[in-house]
Enquirer: 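Take a look at this one; I'll ask things after.
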Amino acid sequence: MSELLRIENISKRFGSFYANKNINLTVEEGEIHTLLGENGAGKSTLMNILVGLYQPTDGKIFLKGEEVHLHSPNDAVSKGIGMVHQHFMLVDAMTVFENIILGDTNAKEIVIDREKRRAQIQELAQRYGFRIDLDKYITEISVGEQQRVEILKALYRGAQLLILDEPTAALTDIEVEGLYDVMHKLVEEGKSIIFISHKMREVMHVSDRITILRAGEAVATVKKDEVSAQELAAMMIGRDLAASSFEKVISGGSAVAELDHVSYNRNSKHYGLNDISMKIRSGEIVGIAGVDGNGQTQLAQVLTGVIAPEEGTISLGDSKILVYDPNNFILRRTAHVPEDRNLQGLVGDMSIADNLVLRRVETDKFSSLGGAFLKKGAILSYAKEMVEKYDIRSRSASQTVRSLSGGNQQKVILAREMEAEPDLLVVAHPTRGLDIGATRFIRQQMIDARDRGVGILLISADFDEVLELSDRILVLFEGQIMGEFPGENPPVDEISLAMTGR
Amino acid sequence: MDNSRKNLVNIFVPVLSILLSILIGMIIMAFLKANPVTAVKYLVIGAFGTKQNLGTTLTRATPLIFTALCACFAYRCGVFNLGGEGQFIMGSIAACFVSLKFGLTGIPAVIVALVCGTVAGGLWGAIPGVLKITRGQNEMIISIMFNYIATLLMGVVYTNWLREGSVPQTAQVPKESQLARIVPGIRVTWGFVIAIVIGLLIYYFLFWTSLGFKFRAVGLNQTASRFNGYPVRRYMLSAFIISGAVAGLGGAGELMGTQFRLINGFASGYGFDGVAMALIGQLNPIATMFVALFFAALRTGSTTMQAATGVPTSVSDIIQALVIVFTVAGMALTQLPEFSTFIGRFFGRKEAQAV
Amino acid sequence: MSFVSNLLLASVRMAVPLLLIALGELYSERAGMVNIGLEGLAAIGSLVGFLTCFISGSTWVGILCGALVGIAVNMIYAFATVTLCANHTVYGMAINILAPALASFIYRIFFGSGSDLSQITLMKTINIPILKDIPIIGPLLFSQTPMVYLAFLLVILTGFFFTKTQAGLNYRAVGENPKAAATLGINVIRTKYLACVICGALSGIGGAYLTTCYSNTYTEGNISGRGFIALAAVIFGRWSGGGILAACLFFGFCDALQIRLQVASVGIPYQFFQMIPYVATVIALTVIGSGKSGPKAAGKPYRKEER
């Protein structure tokens, strides 16, 4: 095997922050080389440098022994580097065919020669065993198919080195198997793959070699056969982690929320709910397992009044909900940690203090004369208290939340929601994109809340998180509940199977 | 960014923009073969030199303050109301009817006219508001269309309904119904005081009351506001109505205090000028009032400048336009990541200590 | 009969400036730039078109200079919104304030503040032989100024460009998903600047049309909201060349109708008829609602290295 790519001392700085620092890495021809690292370890930055989207602050890149300068994506594409981004780079309003030929610089003709290019694409698809309808719009095909379009796009441009950024995150188990097949076929043909992941299981399954990134630096490169998953995890995190496990409970409490045959946008596989009935009791965490985009968003939103079910009813405590409006749910002691914290949870340009009192600004504690005069001193001292209590790392309580890190933003939301002393807490993807420290803190807060008697609905695309926290696990697939499983010693295989719809 | 540094930037950028615009204005004057320094001197004298001139400046500032506050309030609450001019005109039409047709005179006439003007402006603002929240319409286009409709309606009023004599204009507001002057002999009326009071009230409402807090939150992030239980659509409609009412009150005040009759060109351009002033003032009501004063001074002073040096008054329009062009671009510049990197080099050491 | 055919003829003529400006906006929005400064661009284009035509005696010089000044002014918008990432709406408003101020300043410098209007000779109509003799459609479509033909040709070219060509496909991707476009090697920044050039040129020509092909003189405020109506026409026309043509013909018809009704009726104040185009715009926008929205990334700033 000969060397395809060599990276020497690459650094990338944003302001005073180093996202990558002196990284060295080689990729052989016909190799699957994994980049392993936590969120924020610098994997995506490094890849964006490789595809010409970012310019490195320092360092050199060699392809087949020759130094290359990747000033733009065009340079990368012409040198045979293709990437499938974690968030697909597809244009929804265009067809599969249009997406594949988009930006094609080889084509000399002005008017698109559809016949010719279709034939080229069909041939390529056949070679790798893809079955894709070229005339469908991106919005009409599944996530797995979208990924194949992305791969096809890179191959169509003659990619020799394919970078796959967390490619399994949005796939079902079966789709993941299909992806592995494709990857093996690609390396058999002599192409190389950089595989980015933080899931130990799949890393051990597909890699030839593994490079571990931590805090922007390459810690080590190892061969898969010479290392154990335990060792990899230790290198990735930088210290030994005691396997944290929370005690599971079986709640005998009363139901804080009950869904009775609830449907919303029933015909949509990805954005609807189909005849959902479930209960959340006080003092338990109900976890929703399932691949993202099977109705989770809608479940969280009907339970917090953001959208109204088209059929069925929801009861909170003893009373049936008649008016679906977030405020009505808030008054009935429902709290919500929404899936998109910047868009739905926070007012980015307001301060930490303002965001903490967002719902309670007219209460006597924070304003007098029925809201006619804000007690700014009281708001600020309350905020300082919360910053302390929830470990929100900031320069001051009057700093805008936009300038906080993701973990600290999430803590601001959590502080606001927890301090409202809810009966029901709906939490969506609470630790997505957070570092280990913040993740642990937030999980502990949820367990503490459960122990105080709060009923919690946990929605997470992170299967391990659902397993770790849930007292009961429900599986959601295409808007339907596929089964209920205990949180204590959960039958992982059965749950995985249910997540694929069986 | 720290709050203190943000505030500094908020003041620094507009001030620098104003200075830069004046400089360019002076270069234009030089090209027109006038001595720029002399011209600017006459500009300042014309605006502030005598009690009368100062009075004229404050008088001209009054309607601008109203339309600027109208824009300022609306944008703070997240609705892009570009209909300030139409709402201003509707206010003046209502006031015109009251003072000429209702048979009231004196203080009662003034009060009823101002109230009716406020209501008329609010209603005119409500139309694009309702269309936005019920039909999801682009409020900018709709509110601008209603500017043209209001202007034409005013045309009907002064050419037909309330026309007096052969000239297309309405009759004058009777002397005893006109807004009184603060100091006899100087043109400024109580309308100016009302404008300042409204500005202070809006400032207090936005920054010191819980409802104002919520309006601002809606303006910054509608989705998060909805998720947090705010009646977002009601607030947005309210913002339209209140901002329209402010403009309407301004229109009524302008009619009762300064112009006394509707005529072709009444309020022309006040709407967009208001938008510009609010944006230069960084949507801060108090800063916005100062910007309005500056704009008014430019206009008043430029007349004197033209008489003394021959530099046409429209140079002041150019200066105004440049201020908005520079301010908005300048604010955008300070928000670029490259800018903080650049600034970071100067403040680097301090920053390191703070963290 | 002649009332109807005259009305239709006038509709086409009134639709053309709207069409030109709206097509400019289409090119802008397809590259992700919502430009509400059209009114200002048309205003300066109108004045400069008139002025250069007045000096040179050629309407074509007027049209060309209108385009050039539109481009020049729109480059300010491009720099601020593309390079500095300023808010599109806010900056569009800045252009709406700057450009008319410039126009009136230039007018004063050249013509003083006198009220006597300078006039120019309008662009001549060109009859297309044989075709012009077709009843009704003949005079409507084949006995117009070259600008009318150019505008219609542009509609066809625009449709062809966006649906059939590789360049058009790439261009659209910039407005839909600039990040994706960038990963495919499409130069997003250059496309956006190009969009601003096209938008500035067409808006400037739209304004110049009013002084060189429609009325033979310049008056302040002669654009009278056409920039904003064009904006509405893009929405009403669903971001497609053909749709925009239909929308502009409709608004042009409203404009032509109001002029005829003004002349025809007695007793009703003429201003009520003048309101028709504006009311029609409001109604049109209200009726279609906000169902389908335009290019996905329209109005959003694009930052190259965003974290």
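Throughout, protein chains are lettered first and strands after them, A, B, ... in sequence-line order, and every chain is numbered starting at 1. Keep in mind that what you see is a predicted model, and the values were worked out from it rather than measured.
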Enquirer: Below 4.5 Å, heavy atoms only, C-beta onward: do B:Thr209 and A:Phe373 meet side chain to side chain?
Expert: no
Enquirer: Could you walk me through whether A:Gln344 and B:Arg226 satisfy the side-chain contact (heavy atoms from CB on, under 4.5 Å) test, starting with their C-alpha distance in whole Å, then the side-chain angles of each, then the deciding distance to 0.1 Å, before giving a yes or no?
Expert: CA-CA 8 Å; A:Gln344 300 163 341; B:Arg226 191 163 69 89; over 6 Å; no
Enquirer: Just so I understand: if I count every heavy-atom pair under 4.5 Å between each of B:Ser225, B:Pro231, B:Ala224, B:Ala217 and chain A, which residue has the most?
Expert: B:Ala224
Enquirer: List in chain and number order the residues that pass ring-ring contact (aromatic ring centres under 6.0 Å, His included) with A:Tyr264, two or more places apart in sequence or in another chain; answer none if no residue qualifies.
Expert: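 So A:Tyr264 forms no ring-ring contact (aromatic ring centres under 6.0 Å, His included) with any residue.
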Enquirer: Is the count of non-hydrogen atoms from other residues, nucleotides or ligands lying under 6.0 Å from A:Arg332 atom CZ greater than 12?
Expert: yes
Enquirer: I need the minimum non-hydrogen distance between B:Phe227 and A:Arg359, along with the two atoms involved.
Expert: O-NH2, 4.1 Å
Enquirer: Side chain from CB out, backbone as N, CA, C, O: work out which of these in A:Arg416 comes under 4.5 Å of a heavy atom of chain B, or both, or neither.
Expert: side chain
Enquirer: Any idea which of A:Leu331, A:Asp325, A:Val347, A:Asn342 has the most non-hydrogen atom pairs under 4.5 angstrom with chain B?
Expert: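 Ranked by contacts with chain B, first place is A:Val347.
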Enquirer: Shortest non-hydrogen contact from B:Tyr204 to A:Ala372?
Expert: OH-O, 2.5 Å
Enquirer: With respect to chain B, which residue among A:Leu346, A:Thr304, A:Asn355, A:Thr363 yields the maximal number of heavy-atom pairs within a distance under 4.5 Å?
Expert: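 Winner by heavy-atom pair count: A:Leu346.
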Enquirer: With a 4.5 angstrom heavy-atom cut-off, is it the side chain or the backbone of B:Tyr230 that approaches chain A, or both, or neither?
Expert: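 Side chain only.
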Enquirer: As an exercise: rank A:Arg402, A:Arg393, A:Lys376, A:Lys375 by heavy-atom pairs under 4.5 Å with chain B and give me the winner.
Expert: A:Lys376
Enquirer: Measure from the side-chain N and O atoms of A:Asn327 to the backbone N and O of B:Asn228, and report whether any donor-acceptor pair falls under 3.5 Å.
Expert: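 Checking the backbone N and O of B:Asn228 against the side chain of A:Asn327, no donor-acceptor pair under 3.5 Å is found.
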Enquirer: Has the side chain of B:Asn221 got a donor or acceptor atom that lies under 3.5 Å from a matching backbone atom of A:Leu343?
Expert: yes
Enquirer: Show every salt bridge (charged side-chain N to carboxylate O under 4.0 Å, His left out) that has at least one partner inside residues 197-214 of chain B, sequence neighbours left out.
Expert: A:Glu362-B:Lys214
Enquirer: Taking atom OH of A:Tyr324 as the centre, does the number of heavy atoms from other residues, nucleotides or ligands within less than 6.0 Å exceed 12?
Expert: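 Count over threshold, so yes.
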Enquirer: Considering only heavy atoms, which portion of A:Asn328 lies under 4.5 Å from any heavy atom of chain B: side chain, backbone, both, or neither?
Expert: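 Neither part.
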Enquirer: Report, as yes or no, whether the 6.0 Å neighbourhood of atom NZ on A:Lys384 holds more than 12 heavy atoms from other residues, nucleotides or ligands.
Expert: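 No - once you tally the heavy atoms of other residues, nucleotides and ligands closer than 6.0 Å, there are 12 at most.
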Enquirer: Taking all heavy atoms of B:Phe207 and all of A:Leu374, pick out the closest pair and write down the distance.
Expert: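 Here B:Phe207 and A:Leu374 meet closest at O-CD1, 3.8 Å.
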Enquirer: Roughly how far, to the nearest 0.5 Å, is OG of A:Ser367 from CZ of B:Phe213?
Expert: 10.5 Å
